[in-house]
Amino acid sequence: MDGLNSFVQVLILIGASTLGVIVALKTNLNMGGLMVIISSFSNIIWPLRSISPQIISVSSIKVIFEDYDKTLKEEMPVTPLTIDSFENISFNNVDLGYDKTILSNVNFSINRNEKVLIVGPSGEGKSTLLKSILRELDPLDGEITTNNKKINQIEIKPYFDMFSLVHQKGFIFSNTVENNINLLGKEDTQSHLDAVSLSTLDKDLDLQNDGSNISGGQRARLMLARANFFNKDVVLTDEVFASLDQSIGESLEKDMLSLPQTLINISHIVFKNNLDLYDKFLIVENGCVQVSYNKDDVIARMLETDVVIT
């Protein structure tokens with residue numbers, strides 16, 4: 001660019017000098033007059049030397065403004081999206097993992113009010129599925145949608161407002177049973193205790209030391225009552241039977257399956273007597289997720305693993 005600028009300046013200088021000499025010769029000027037003309041041209045030429053870089057600068061600015069104009073005219077994606085209620089969640093050719101793929105080519109849908117059991121050996125990827133539903137883990141490939149909208153484009157609050165998560169050990173604070181369900185609200189909780197077979201538990205009982213004065217089964221049911229109280233569209237349960245006796249776990253699962261909401265239950269413990277109550281099964285093993293509607297398929301595939309079937 002500097003070379004072009006110098007070349008233009010030399011051309012202007014040579015042209016002006018040549019023109020001055022031609023004028024002097026045709027008008028029979030003496031040497032003094034010729035020097036005056038050359039000096040005058042020099043005064044004119046000097047400001048002209050800055051024209052070339054100015055033209056280049058203006059051209060550059062023009063390109064910048066053209067880029068701005070193009071960017072402003074581009075149609076930008078409208079995000080985030082909103083959502084009113086849960087209709088379905090779909091995994092479409094999804095690969096999940098961290099540094100490397102754990103689950104590949106995952107394809108399934110869960111629809112409103114369905115009861116779904118996600119089962120498989122420990123360490124095979126059940127928690128990975130849960131994290132992806134809760135947007136704690138982005139797909140390595142493919143897309144996850146809710147109501148045909150990509151979940152990572154949906155506003156955080158309306159998305160999470162659809163879910164209640166029940167862990168094996170949920171948080172219990174030092175207060176009454178009722179306040180642990182309604183989270184210090186004023187609504188009565190007796191009907192929610194009844195719904196999870198906690199009718200005999202006094203709602204005014206003070207819970208202490210993270211619920212140390214109630215049993216493990218009561219604790220799990222309390223977490224379920226809390227989820228039922230807030231009436232979210234989807235109840236997600238994660239290994240809630242792990243520390244429970246068989247009869248208590250089986251009874252708790254029946255209560256879970258009787259709730260009106262969509263249920264996604266993640267477990268490595270299977271109760272055969274309750275399998276008929278599920279709409280579908282997701283079997284997680286060997287880096288894949290198999291969709292099944294047959295309880296016998298679940299039992300046959302899981303007998304060879306560390307899944308507990310009772």
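This is a predicted model, so every value here is computed, not measured. Only this structure's heavy atoms are used, side chains among them; waters, hydrogens and symmetry mates stay out.
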Quick one, Ile89 with Ile110, criterion side chain to side chain contact (heavy atoms under 4.5 Å, CB included). Give me CA distance, side-chain angles, the key distance, then yes/no. CA-CA 5 Å; Ile89 187 166; Ile110 297 174; 3.9 Å; yes
Val196, Asn180, Val166 screened by side-chain contact (heavy atoms from CB on, under 4.5 Å) with Leu222, the one that passes: Asn180
Side chains of [X] and [Y] in contact at under 4.5 Å (non-hydrogen atoms):
{"X": "Leu134", "Y": "Phe160", "value": "yes"}
{"X": "Leu165", "Y": "Leu236", "value": "yes"}
{"X": "Asp238", "Y": "Lys126", "value": "no"}
{"X": "Met256", "Y": "Val235", "value": "no"}
{"X": "Val240", "Y": "Met223", "value": "no"}
{"X": "Leu282", "Y": "Val291", "value": "yes"}
{"X": "Ile299", "Y": "Leu275", "value": "yes"}
{"X": "Lys149", "Y": "Tyr159", "value": "no"}

[X]: partners by side chain to side chain contact (heavy atoms under 4.5 Å, CB included), with sequence neighbours left out:
{"X": "Ser251", "result": "Arg221, Asp255"}
{"X": "Ser85", "result": "Glu87, Arg112, Asp233"}
{"X": "Leu183", "result": "Phe173, Arg226, Phe230"}
{"X": "Thr176", "result": "Glu178, Asn179, Asp206"}

Among all residues two or more places apart in sequence or in another chain, which pass the side chain to side chain donor-acceptor pair (under 3.5 Å) test with [X]?
{"X": "Ser247", "value": "none"}
{"X": "Lys295", "value": "Asp276"}
{"X": "Asn93", "value": "Asn107"}

Atom of [X], atom of [Y] and distance for their closest heavy-atom approach:
{"X": "Gln218", "Y": "Leu201", "value": "NE2-CD1, 3.9 Å"}
{"X": "Ile83", "Y": "Pro158", "value": "O-CB, 3.6 Å"}
{"X": "Ser199", "Y": "Asp194", "value": "OG-OD1, 2.9 Å"}
{"X": "Ser292", "Y": "Ile283", "value": "CB-CD1, 4.3 Å"}
{"X": "Ser267", "Y": "Leu117", "value": "CB-CD1, 4.3 Å"}

If you measure from [atom1] on [X] to [atom2] on [Y], what distance do you get to the nearest 0.5 Å?
{"X": "Met162", "Y": "Ile154", "atom1": "CE", "atom2": "CD1", "answer": "6.0 Å"}
{"X": "Glu285", "Y": "Leu103", "atom1": "CD", "atom2": "CG", "answer": "11.5 Å"}
{"X": "Ile269", "Y": "Ser243", "atom1": "CD1", "atom2": "OG", "answer": "8.0 Å"}
{"X": "Ile266", "Y": "Thr237", "atom1": "CD1", "atom2": "OG1", "answer": "7.0 Å"}
{"X": "Asn231", "Y": "His192", "atom1": "CG", "atom2": "NE2", "answer": "8.0 Å"}

How would you list, by chain and number, every residue that makes a salt bridge (charged side-chain N to carboxylate O under 4.0 Å, His left out) with [X], sequence neighbours excluded?
{"X": "Glu114", "value": "Lys280"}
{"X": "Lys157", "value": "Asp161"}
{"X": "Asp188", "value": "Lys203"}

With the 4.5 Å side-chain cut-off for hydrophobic clustering, are [X] and [Y] part of the same group?
{"X": "Leu140", "Y": "Tyr98", "answer": "no"}
{"X": "Ile214", "Y": "Phe241", "answer": "yes"}
{"X": "Ile144", "Y": "Leu137", "answer": "yes"}
{"X": "Leu259", "Y": "Leu257", "answer": "yes"}

Considering residues at least two apart in sequence or located in another chain, which fulfil the ring pair (Phe, Tyr, Trp, His ring centres under 6.0 Å) criterion with Phe86?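 By the ring pair (Phe, Tyr, Trp, His ring centres under 6.0 Å) rule, Phe86 matches no residue at all.
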Kindly say whether [Y] contributes a backbone atom to a donor-acceptor pair with the side chain of [X] at under 3.5 angstrom?
{"X": "Glu250", "Y": "Asn274", "result": "no"}
{"X": "Asn294", "Y": "Asp296", "result": "yes"}
{"X": "Glu124", "Y": "Pro121", "result": "no"}
{"X": "Asn88", "Y": "Thr146", "result": "no"}

Go through the steps to decide whether Val177 and Leu193 satisfy the test side chain to side chain contact (heavy atoms under 4.5 Å, CB included), and finish with yes or no. CA-CA 10 Å; Val177 168; Leu193 290 169; 4.1 Å; yes
Mutual orientation of the aromatic rings belonging to Phe108 and Phe91 [parallel < 30°, tilted 30-60°, perpendicular > 60°]: parallel
For Asp279 and Val116, run side chain to side chain contact (heavy atoms under 4.5 Å, CB included): C-alpha distance rounded to whole Å, both residues' side-chain angles, the deciding distance at 0.1 Å, then the answer. CA-CA 6 Å; Asp279 295 296; Val116 179; 5.5 Å; no
Contact list for residues 129-146, test salt bridge (Lys or Arg N to Asp or Glu O under 4.0 Å), sequence neighbours left out: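 Residue pairs with at least one partner in residues 129-146: Glu143-Lys150.
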Please determine, by modelled atom types, if Ser104 and Asp95 share a side-chain donor-acceptor pair under 3.5 angstrom.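 Checked: Ser104/Asp95 side chains show no N/O donor-acceptor pair below 3.5 Å.
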Could you walk me through whether Lys115 and Tyr278 pass the side chain to side chain contact (heavy atoms under 4.5 Å, CB included) test, one step at a time? CA-CA 5 Å; Lys115 315 299 182 188; Tyr278 285 99; 4.1 Å; yes
